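Side chains are part of it too, since the values below use all heavy atoms of this structure and drop only hydrogens, waters and symmetry mates. Numbers restart at 1 for each chain; the letters A, B, ... are given by sequence-line order, proteins then strands. No experiment lies behind these values; they were computed from the predicted model shown.
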Amino acid sequence: MRVKTLVWVLVPLTSIGVLLLGWEIIVVAFHVQPYIAPRPLAAIQAIFDKWGVLWPLVLGILRETFYGFLGGALLGFLFAVAMSKVRVVRRLLYPQLIVSQAVPVIAIAFPLTAILGFDTVRPIIAIVIWIVFFPVTVNVLDGLTHVDQDLLNLAKVYGATRWRTFWQIEVPATVSPLFTGLKIGATYAITGAFIGESVSASSGGSIALTISQANGNNNGALVYGLTMLLAVIGVTFFLVVTGLEALSTPWLRRPTSRRSRRRRVAAPQGAQ
Amino acid sequence: MGRVASSRGASCDAQGYIEGVPATVLLDLSAVTKTFGDQIVLAATDLTIDEGSFVSIVGPSGCGKSTLFNIIAGLLAPDAGEVTLEGRNVRGATGQVGYMLQKDLLVPWRSVEDNITMAARLTRRVSAADRDEARQIAQRYGLGDYLDHYPRALSGGMRQRVAFMRTLVAHRPLLLLDEPFGALDAQTRLDMQLWLLEVWRESGRTVLFITHDVDEAIFLSDRIIVMSPRPGRIVADIPNPIARPRDVDVLTDTAFVAIKAQVLRLLHARQR
């Protein structure tokens with residue numbers, strides 16, 4: 001188990017290391033100008049040099065991403081439930097949901113910002129919600145419509161109410177599809193936050209604004225450094241969601257429920 | 001053993017038929033009819049099941065046996081006719097019977113113990129008594145070590161046993177079993193039949209059992225109902241006087257073979 005965990009961590013890290021090494025080699029070997037592509041270490045260095053200015057902005061984009069993700073997940077789930085329970089809602093909502101995703105987000109970002117205010121995080125969070133809810137809705141709706149009909153009949157035969165059937169059978173049955181949607185959403189969320197920041201003009205500055213300025217100043221090191229930072233944030237979000245998934249679906253990974261451990265500890269006094 | 005041994009209002013012992021003692025009628029179907037479109041799935045059908053007895057229904061696909069089951073379970077309302085359980089009209093009413101299919105319908109996110117108490121969980125709060133009973137029944141029938149296991153970690157035979165225990169602790173007077181062992185290999189199936197006979201004898205419940213397997217029907221039952229399609233109807237009601245308890249030797253008994261010949265002739269004649 002230890003070795004397996006080690007491999008699980010080491011292999012992706014090695015792969016990233018190889019990528020950075022390849023980058024380094026190409027930049028050095030072909031004498032690439034720093035404003036086109038800096039050496040990876042220079043990019044990382046640029047972040048550390050400006051960390052004092054950057055960290056509130058990093059905190060800002062993390063907050064936007066997090067709240068937007070949470071809101072998108074919640075909204076996406078509610079949409080899915082409403083659409084699976086009420087056919088009219090489904091008919092009415094589905095085409096609009098698809099339209100909402102067919103339109104480029106950046107195009108929506110402008111009016112959203114105008115509506116919700118230029119100097120607030122509200123439009124940014126709204127854009128993240130806009131991006132995150134869709135994969136959640138689609139996957140949860142799929143999960144809800146594919147709950148085993150025989151299982152639902154069994155619940156009916158036992159005289160279960162719709163409410164209990166929903167909580168005891170339908171909701172747990174959608175945990176896996178929910179997380180499929182959340183994982184897609186988690187990787188998109190940071191993109192949404194970035195687009196939002198690019199369009200709105202927060203007076204306190206933002207990561208997107210900083211990248212834009214660095215680009216204008218031919219500060220390739222900072223542009224690349226911040227991009228890497230965004231990648232790290234995105235990957236971390238994904239990993240956190242994956243971890244939550246593992247925690248919420250123990251039956252997919254373990255042969256027994258957690259309760260057994262407690263009971264086994266208590267076993268020596270032996271009730272049975 | 002506690003509540004597992006049902007003592008629902010009857011003088012009759014587990015054997016169902018006791019010489020000279022008139023049996024209590026548990027289920028009474030009179031002139032039950034069901035049509036889908038212009039197809040008569042179930043022609044006017046009368047059927048009476050005595051309390052504590054074990055009755056099997058055999059018949060080819062499309063003979064209406066599953067429709068009959070769904071009507072008794074309350075999932076379908078008959079077009080005409082009456083369904084009476086324990087003297088009450090239960091036409092179209094759910095929550096009256098135990099119900100088990102070829103698919104075990106265990107929920108993967110619940111442990112064996114929590115699956116056994118599923119009927120309670122779907123209708124009310126699961127009490128300590130419910131849990132105790134689930135543990136007792138699992139221990140009594142050889143699954144005591146698997147209470148904390150998720151269904152995924154069990155074999156097909158074990159899963160069907162859990163499904164049957166779930167059906168038992170729902171404390172319904174009548175158990176509807178629709179080909180519960182149909183997906184198991186022959187060896188496991190015979191083991192399960194012997195096990196079922198043991199549990200049935202000890203629990204004193206009434207069982208209505210659907211199967212394609214003539215041997216299984218005869219081996220288990222007090223009566224074998226033969227059904228035939230187009231329109232679905234009962235064509236024979238054959239008593240099985242072979243003494244209980246029965247073991248595997250019964251399968252080669254002359255009385256057994258005689259009943260089998262009779263059933264096969266009925267089924268075969270109807271299929272041509």
Side-chain angles (χ1 to χ4, degrees), chain A residues 77 139-140 143-144 146-180 182 244-272, chain B residues 66 69-70 72-76 90 93-115 117-126 131-132 135-136 138-139 144-154 163 166-167 169-172 174-176 178:
Chain A
F77 189 81
N139 281 286
V140 172
L144 283 173
H146 286 98
V147 176
D148 190 339
Q149 188 56 47
D150 287 327
L151 190 53
L152 297 176
N153 278 344
L154 183 78
K156 221 186 263 179
V157 170
Y158 282 139
T161 59
R162 285 180 69 174
W163 185 248
R164 281 192 185 263
T165 306
F166 180 68
W167 283 112
Q168 291 297 332
I169 290 176
E170 295 179 275
V171 168
T174 55
V175 169
S176 284
L178 169 67
F179 272 101
T180 304
L182 288 180
L244 285 176
E245 177 180 30
L247 285 179
S248 9
T249 54
W251 64 89
L252 295 178
R253 294 174 302 118
R254 290 207 308 263
T256 59
S257 69
R258 200 172 281 283
R259 197 171 341 124
S260 64
R261 298 189 180 174
R262 269 183 264 140
R263 193 177 294 167
R264 226 170 275 147
V265 173
Q269 291 98 310
Q272 279 98 31
Chain B
S66 287
F69 254 46
N70 287 333
I72 298 170
L75 288 172
L76 281 176
V90 292
T94 55
Q96 309 297 315
V97 301
Y99 183 81
M100 176 180 171
L101 306 181
Q102 183 173 327
K103 279 197 274 184
D104 55 67
L105 297 178
L106 301 179
V107 293
W109 54 85
R110 293 273 184 199
S111 66
V112 164
E113 179 184 320
D114 291 346
N115 263 290
T117 54
M118 201 64 194
R121 181 167 296 103
L122 282 166
T123 46
R124 55 187 165 82
R125 223 184 149 76
V126 177
R131 293 185 190 287
D132 281 347
R135 273 181 232 134
Q136 277 174 27
Q139 261 148 20
D145 291 338
Y146 296 92
L147 279 165
D148 298 308
H149 281 61
Y150 290 115
R152 199 174 64 103
L154 305 184
R166 176 189 63 199
T167 313
V169 303
H171 294 284
R172 306 291 194 264
L174 176 65
L175 308 184
L176 302 180
D178 189 349

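The heavy-atom pair separating B:Asp104 from B:Arg166 by the smallest distance is O-NH2, 3.0 Å.
Counting heavy-atom pairs closer than 4.5 Å to chain A, the top residue among B:Asn70, B:Leu106, B:Val112, B:Thr123 is B:Thr123. Chain A forms more heavy-atom pairs under 4.5 Å with one residue of B:Pro108, B:Gly98, B:Ala170 than with any other, namely B:Pro108. Of the listed residues (A:Ala155, A:Ala173, A:Pro255), the one with the most heavy-atom contacts under 4.5 Å to chain B is A:Pro255.
With hydrogens and angles disregarded, no donor-acceptor distance shorter than 3.5 Å links the side chain of B:Arg121 to the backbone of B:Ala119. The backbone N or O of B:Ser111 lies less than 3.5 Å from no partner atom in the side chain of B:Glu113, so there is not a single donor-acceptor pair.
For a residue to count as touching a neighbouring chain, one of its non-hydrogen atoms must lie under 4.5 Å from one of that chain's; by this rule B:Val97 touches chain A with backbone and side chain alike. For A:Asp148, the part lying under 4.5 angstrom from a heavy atom of chain B is the side chain only.
Between the side chains of B:Asp114 and B:Tyr150, no donor-acceptor pair is found at a separation under 3.5 Å.
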Carefully, step by step, assess B:Tyr99 and A:Leu154 under the rule side chain to side chain contact (heavy atoms under 4.5 Å, CB included).
-> CA-CA 7 Å; B:Tyr99 183 81; A:Leu154 183 78; 3.7 Å; yes

